[in-house]
Asks: 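Mind looking over this structure? Questions follow.
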Amino acid sequence: QVQVVESGGGLVQAGGSLRLSCTASGRTFPNYVMGWFRQAPGQEREFVSATTWSGESTYYADSVKGRFTISRDNAKNTAYLQMNNLKPEDTAVYLCAVDGEFNSGGGYYYPTFWGQGTQVTVSS
């Protein structure tokens, strides 16, 4: 079993920045994908970003392109989501996802493992 733990959420003013971290532990698999989703109250879960083990293939939702950057440190089994120029509409619970089926060109990712989520709140 794989455990996925996020951290780094919080309250920030519009225009500010946050960096989320996600660490996978337990029985991890080689070359696994890591990514982020978010879910705001009353809304569907949105696929935000994901990256392959090598970082060669990466996806960003249109809503975050140019503002968010995903990266990973494979030695630490950790992925990061650097979020800049945050907007009130970025307010959501951000969930880390690990492994599963990912297609950057098709814009989809079906994770195998999920974290519990970390709250990001952006005030106007």
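Nothing fancy with the numbering, it's 1 onward along the sequence. Everything numeric in this text was worked out from a predicted model, so none of it was measured.
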Asks: Run the salt bridge (charged side-chain N to carboxylate O under 4.0 Å, His left out) check on K87 and D90 step by step: do they pass?
Replies: CA-CA 5 Å; K87 304 175 181 180; D90 294 319; over 6 Å; no
Asks: Would you confirm whether N103, through its side chain, and G106, through its main-chain N or O, come within 3.5 Å as a donor-acceptor pair?
Replies: yes
Asks: Are the side chains of L95 and R45 in contact, using a 4.5 Å heavy-atom criterion?
Replies: yes
Asks: Could you walk me through whether M83 and V12 satisfy the side chain to side chain contact (heavy atoms under 4.5 Å, CB included) test, starting with their C-alpha distance in whole Å, then the side-chain angles of each, then the deciding distance to 0.1 Å, before giving a yes or no?
Replies: CA-CA 11 Å; M83 306 185 295; V12 64; over 6 Å; no
Asks: Is T58 close to T52 at the side-chain level, that is, under 4.5 Å between some pair of heavy atoms?
Replies: no
Asks: Which heavy atom of A14 sits nearest to which heavy atom of S124, and what is that distance?
Replies: CB-CA, 4.4 Å
Asks: Can you tell me how far the NZ atom of K76 sits from the OG atom of S25, to the nearest 0.5 Å?
Replies: 15.0 Å
Asks: Ignoring hydrogens and geometry beyond distance, is a side-chain donor-acceptor pair present between Q82 and N84 at under 3.5 Å?
Replies: yes
Asks: Return the set of residues passing side-chain contact (heavy atoms from CB on, under 4.5 Å) with T91 (not counting sequence neighbours), or none when no residue passes.
Replies: Q119, T121, V122
Asks: If we only count heavy atoms from C-beta on, is the S63 to R38 side-chain gap below 4.5 Å?
Replies: yes
Asks: Would you please test Y60 and T69 for side chain to side chain contact (heavy atoms under 4.5 Å, CB included) and show each step?
Replies: CA-CA 8 Å; Y60 294 99; T69 303; 3.8 Å; yes
Asks: Determine, stepwise, if the pair F47 / Y59 fulfils ring pair (Phe, Tyr, Trp, His ring centres under 6.0 Å).
Replies: CA-CA 9 Å; F47 175 27; Y59 169 86; 4.4 Å; yes
Asks: Taking all non-hydrogen atoms of both residues into account, name the closest pair between V64 and V48 and its distance.
Replies: CG2-O, 3.9 Å
Asks: Find the distance between CZ (R67) and NZ (K65) and round it off to the nearest 0.5 Å.
Replies: 13.0 Å
Asks: Which pairs, with at least one residue in residues 80-104 and sequence neighbours excluded, count as a ring-ring contact (aromatic ring centres under 6.0 Å, His included)?
Replies: F102-Y109
Asks: Do T23 and T78 have a side chain donor and acceptor closer than 3.5 Å?
Replies: yes
Asks: How about CD on Q3, more than 12 heavy atoms from neighbouring residues, nucleotides or ligands closer than 6.0 Å, or not?
Replies: yes
Asks: Mind listing the closest non-hydrogen atom pair of A24 and V98 along with its distance?
Replies: CB-CG2, 4.2 Å
Asks: Using the rule given for side chain to side chain contact (heavy atoms under 4.5 Å, CB included), can you reason through V120 versus L18, listing the C-alpha separation, both sets of side-chain angles and the distance that settles it, and then say yes or no?
Replies: CA-CA 9 Å; V120 171; L18 283 174; 3.9 Å; yes
Asks: Do L20 and T118 touch side chain to side chain, with heavy atoms closer than 4.5 Å?
Replies: yes
Asks: Any heavy-atom pair between the side chains of L86 and F68 that's under 4.5 Å?
Replies: yes
Asks: Is NZ or CZ of R72 both nearer than 6.0 Å to the six-membered ring centre of W36 and within 45° of the ring axis?
Replies: no
Asks: If two hydrophobic side chains count as joined below 4.5 Å and joins carry through other members, does V4 share a cluster with W114?
Replies: no
Asks: Any link between Y110 and Y32 through a network of hydrophobic side chains (Ile, Leu, Val, Met, Phe, Trp, Tyr) touching at under 4.5 Å?
Replies: no
Asks: I need the full list of disulfide bond (SG atoms under 2.5 Å apart) pairs touching residues 62-124, with sequence neighbours left out, sorted by first then second residue.
Replies: C22-C96
Asks: Closest approach of L81 and S49, non-hydrogen atoms and distance?
Replies: CD1-CB, 4.2 Å
Asks: For Y108 and E101, run side chain to side chain contact (heavy atoms under 4.5 Å, CB included): C-alpha distance rounded to whole Å, both residues' side-chain angles, the deciding distance at 0.1 Å, then the answer.
Replies: CA-CA 8 Å; Y108 66 81; E101 182 181 352; 3.5 Å; yes
Asks: Please report the closest heavy-atom contact between A50 and V33, naming both atoms and the distance.
Replies: CB-CG1, 4.3 Å
